[in-house]
Amino acid sequence: MNIDASSAVTSAAAGAAATAGGAVRQDGLGRDAFLKLLVTQLQHQDPTKPMADAEFLTQLATFSSLEKLEQISTSTAELRDLFYQMATDSAK
């Protein structure tokens, strides 16, 4: 059985990257969903026609970008909370 999930993985990564820049939605696709799609794609590929190296590397680069965007989002949220705490402490 040949399943071509590269467009699904790419669109999942784009959706996850879009949510990582702002408030992360609970129902949005994250790194776990992205990895599950990638692993499923690898499990169901035709052994006589494996995924192209460039395509696989593109998906891994997309995953790496998603990880970095999530780290930036977390750091930004922590800074925001710290500044808010500092502002409320100085107002007292």
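Just so it is clear, the model here is predicted, and its values are computed rather than measured.
- Between Phe63 and Leu38 there is no side-chain heavy-atom pair separated by less than 4.5 Å.
- To the nearest 0.5 Å, atom CD of residue Glu70 and atom OG of residue Ser65 are 11.5 Å apart.
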Only pairs under 3.5 Å count here: list side-chain donor-acceptor contacts from residues 80-89, not counting sequence neighbours, and write none if there are none.
{"from": "Thr88", "atom 1": "OG1", "to": "Tyr84", "atom 2": "O", "distance (Å)": "3.2"}
{"from": "Thr88", "atom 1": "OG1", "to": "Gln85", "atom 2": "O", "distance (Å)": "2.9"}

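- A distance of 10.0 Å separates OG in Ser75 from NZ in Lys68, rounded to the nearest 0.5 Å.
- In this structure, CG in Leu37 is found 11.0 Å from CG in Leu42, a value given to the nearest 0.5 Å.
- Atom CG of Leu57 and atom OG1 of Thr62 lie 10.5 Å apart (nearest 0.5 Å).
- Atom CD of Gln41 is separated from atom CD of Glu55 by 6.0 Å, given to the nearest 0.5 angstrom.
- From Thr74, atom OG1 reaches atom CG of Leu69 across 10.5 Å, with rounding to the nearest 0.5 Å.
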